[in-house]
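Report on one structure; see the data block that follows.
Letters A, B, ... are given to chains in the order of the sequence lines, protein chains preceding strands, and every chain is numbered from 1.
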Amino acid sequence: MIDSTLLLNVLVNGLLIGSIYCLMAIGIAFVYSVMRIINWSMAGYYVMGGYIQYLLVVQILGAQYWFLAIPITMFLVFLIGLIYNRVVLSGLYERGIKRKFEYATVLTIFTLYVIENSAIFLAGERIFKPPEFFGRIDFGLFFISGSKVLGSFGAILVLFALSLFLQKTWYGLALRASSQERIGCLSAGINLKMLDGLAFGLGCALAAAAGAYLAPTYLVFPTAGTVTTTKGFNIIIIGGMGSLKGAIVGGLLLGLVETFCSVYFIPAYRDIYGFALLVLILIFKPAGLFGERKRAESIGSLD
Amino acid sequence: MEIKNIMLISHNRGLSKTITIIIAVVIVVGIVSGGLLYYFGLPSAPTEETIKIGMICPFSPPGSYTFGANIRKSLDLGLRVINEEGGALGKKIEIVYGDSEGIPEKGVAAAKRLILEDEVVAIGGVAHSSVALSVQETCEEYGVPFVPSAASNKDITAKHLATTYRIHPIDPGRAAVWLEFAKELGFNRIAMMVENTDFGIGLADAVKDQKDDLYPEAEIFDVVFDRESMDYTSFLLQIDAWGPDLIVDTSAALTNIARVCTQAYDIDLYPRVPIVCASQEPSLPEFWETVEGKGKYLMFMTYYHPAMTLTPLGEKIVSTYEDYYEEEAFYVAVAGWGHLQLIVDAIKLAGSSERADILNALNTGSFTNYWYPAPFEFTEGEGPFWHQSSPPFLMLQYTEVNQNYADVAILYPEELKTQEMARP
């Protein structure tokens, strides 16, 4: 017989973890839908977010200003992403390179190794933990991590702000347009290079937000982003490549499936449950839950 | 088509772009080279003949690089002191490091390089049981003495390889201590968080193997998890639903130990239900930073504590380490130098730096390390007790937040016990 308190606890935990997975997934989907490349170095920007958050909270601002540290962290990583894109990736578009997807794959994987090893070089082998955002919360029937709850609300806030940006601003409109029709945007006089930089920077900033929100719970160390990034890639396939709506639904679904199955079935197979979900989706909806099956120029769009 | 258009627009920026890329590449190469130099040291011109000892450690992810960094501090200090005291056979000792990254294949590659290119006389280091289980085969193939540290899987010595010698505790001994401890306190529902590594699985098997003999009334419930896991809440909820009296966490690395501890605290499982860690990593200096106040009441096993009676070598290691690094010594800090000392003592005893002579010395000699009883010999014992000697088991408990290592409560063994297990 299923214990209703345990079931509720499982559902809440699944949704909390899923909502933070969403940030990473949307970061990947965002870059892909605009630039048509996959940023394999997202784990590096996640880790960067954790380190910068720690530095700001522990060394500069103080623990009580963690909520200020997160937007600052996002902005700094956004700038780093912008510069990286300008220096390393934009050449792929400017020089008529045919296989830019493959080049981008190699470059971003290499970047991940550079970031991880630079983290060890600059910050040492130590494991860092920023102070908790909030203590554990007593919900009467069960306890839950306050940092996870606030991290989850923070993730929802960031996604809401991103949605407003995409819907209400000219840049948002341009990004949505470029995700649907790059050549059309170019003929309308839109600066695609600027949009690519913006999309890449925003994707990195979202990964950094995930790293900053999860830092007190999952700690900060050079390879801390690997698992969350793997989940992010899993989610964008479940939700549909390039679909923001798909990333949100996929993130929550993955969080719920993993948590529920690992409590009620064999816990050791938690990652396999997520993979099984992915395979099922690919069998019945090969383009993902919200992916577009057929389109002349694009696979996904910022819907 | 749009790519060509952009090319036309940005044609005049080609040169500055190239310069920017060159600068970026130089920066990246600088950072990477700096990192390599930091880990492996500046290459120095060979000025005199040395005796080379190989040390394969996890210096990079996904290995336990915190362990790698800590054992290297101990090894480097030990090397310095040993060489100041004249080295061995009138020659200086030189350590050649290899990075296993915690991956068996990388460990084997490092071992082959150390054996074939650097011509080391013996190999130590390692940390991960899975790496030790692979590297020992390579050492056996080339007849190189292999002394793994902090690798506790019983099969490492149970294989009865002629070249493997271990001075680190093994799983059956550790499992026996837990079962006796649980029995004494009447904990008969024991949940095990089992890491899916040779370390975790080996420990879980050892507990199950000995349960019927040592504590037949005990019920064991195990949950296997991947060592790359970040969120343990679902595992812990399942354990909580089972209703354990005691949780044994077989996580090896401090990151996982800290996450199990803090996430169990967050769902009010711990310290309501006590947790005992299999690894000695809670003794690391950064433990309290990784758990904040949530580490109070955590129990863990280790093999060095200031309350132990140490041999003169042990006292020298501890005092030199604490003076030099200005921090409290802990197990890895003592064990690293201890392992190096064992190899150096075997070379001295052999009167030769030939691998076969060193093996012969390890087989026939008596050795003293940092613990009592001393001296000890490597006998061809049964099962995992082949070429096996180790410091005594200690079970410790943090009873205050930010507690110094010297003040930690000792729960086991009886002769060192300072208090009963504390509970909230």
Side-chain angles (χ1 to χ4, degrees), chain A residues 3 6 9-10 13-14 17 86-88 90-91 93-97 100 114 116-118 120-122 124-129 131-132 136 138 142-148 182-183 186 192-193 214 217-219 221-224 226-228 258-264 266-268 270-271, chain B residues 1-7 9-11 13-14 17 20-21 23-24 28 31-32 34-36 38-39 59-62 65-70 194 196 223-226 228-231 233-235 237-241 253-255 258-259 262-263 265-269 286 289-292:
Chain A
D3 178 344
L6 177 62
N9 201 341
V10 167
N13 267 291
I17 195 70
R86 178 74 189 87
V87 173
V88 179
S90 62
Y93 291 85
E94 291 175 11
R95 296 178 187 184
I97 293 171
K100 63 175 185 287
V114 170
E116 285 183 352
N117 285 288
S118 301
I120 297 176
F121 177 64
L122 295 171
E125 298 81 2
R126 282 183 56 204
I127 301 157
F128 297 90
K129 182 181 190 296
E132 299 271 358
R136 71 180 174 197
D138 183 356
F142 54 84
F143 288 83
I144 215 154
S145 157
S147 291
K148 249 191 217 175
R182 283 178 74 88
I183 296 173
L186 200 65
L192 279 181
K193 195 161 72 175
L214 293 176
T217 312
Y218 296 151
L219 309 176
F221 52 98
T223 52
T226 311
V227 174
T228 314
E258 280 188 352
T259 312
F260 186 86
C261 292
S262 57
V263 170
Y264 289 105
I266 300 170
R270 187 172 65 176
D271 291 335
Chain B
M1 185 188 292
E2 79 274 22
I3 294 168
K4 286 179 183 171
N5 290 337
I6 295 171
M7 274 181 70
I9 294 164
S10 60
H11 180 259
R13 295 187 181 175
K17 181 85 180 173
T20 315
I21 290 172
I23 292 168
V28 167
I31 290 173
V32 172
L36 291 173
Y38 175 76
Y39 280 107
F59 291 123
S60 314
Y65 53 88
T66 49
F67 175 91
N70 281 309
V194 182
N196 66 344
V223 174
V224 181
F225 65 90
D226 189 274
E228 302 293 332
S229 296
M230 293 178 72
D231 197 279
T233 310
S234 53
F235 307 133
L237 286 172
Q238 199 185 39
I239 284 176
D240 196 15
L254 183 58
T255 44
R259 288 187 291 212
T262 55
Q263 290 173 28
Y265 179 92
D266 286 339
I267 62 166
D268 193 36
L269 173 60
E286 57 263 49
E289 191 180 338
T290 59
V291 295
E292 290 185 84

Task: Contact check, side chains of A/Val10 and B/Leu237, non-hydrogen atoms, under 4.5 Å - done: yes

Task: Salt-bridge contact B/Asp266-A/Lys148 (side-chain N to carboxylate O under 4.0 Å) - done: no

Task: Distance in Å, B/Thr233 OG1 paired with A/Ile17 CD1, rounded so as to fall on 0.5 Å steps - done: 7.0 Å

Open item on the list: At a 4.5 Å cut-off on heavy atoms, which part of A/Ser147 comes close to chain B: side chain, backbone, both, or neither?
Closed with: neither

Open item on the list: Testing the basics here: between A/Lys129 and B/Val291, what is the closest heavy-atom pair and its distance to 0.1 Å?
Closed with: CD-N, 4.1 Å

Open item on the list: I need the A/Asp271 CG to B/Glu228 CD distance, nearest 0.5 Å.
Closed with: 9.5 Å

Task: 4.5 Å side-chain heavy-atom contact, A/Arg270 and B/Ser234 - done: yes

- [ ] With a 4.5 angstrom heavy-atom cut-off, could you sort out which part of A/Phe142 is near chain B: side chain, backbone, both or neither?
- [x] neither

Open item on the list: As a quick check of understanding, evaluate side chain to side chain contact (heavy atoms under 4.5 Å, CB included) for A/Arg126 and B/Thr66, giving each step before the final call.
Closed with: CA-CA 7 Å; A/Arg126 282 183 56 204; B/Thr66 49; over 6 Å; no

- [ ] Could you look at A/Ile127 and say if it's the side chain, the backbone, both or neither that has a heavy atom under 4.5 Å from chain B?
- [x] both

TODO: Give the minimum heavy-atom separation between A/Val263 and B/Gln238, together with the two atoms involved.
DONE: O-NE2, 2.8 Å

Task: Side chain / backbone / both / neither for B/Thr255 at chain A, heavy atoms under 4.5 Å - done: both

Task: Worked verdict on B/Tyr265 versus A/Phe143 for side chain to side chain contact (heavy atoms under 4.5 Å, CB included) - done: CA-CA 9 Å; B/Tyr265 179 92; A/Phe143 288 83; over 6 Å; no

TODO: Heavy-atom distances under 4.5 Å only: say whether B/Asn196 touches chain A with side chain, backbone, both or neither.
DONE: neither

TODO: Check whether B/Val194 gets within reach of chain A through its side chain, its backbone, both or neither, counting any heavy atom under 4.5 Å.
DONE: neither

Open item on the list: What's the separation between atom CZ in B/Arg259 and atom OG1 in A/Thr217, rounded to the nearest 0.5 Å?
Closed with: 10.5 Å

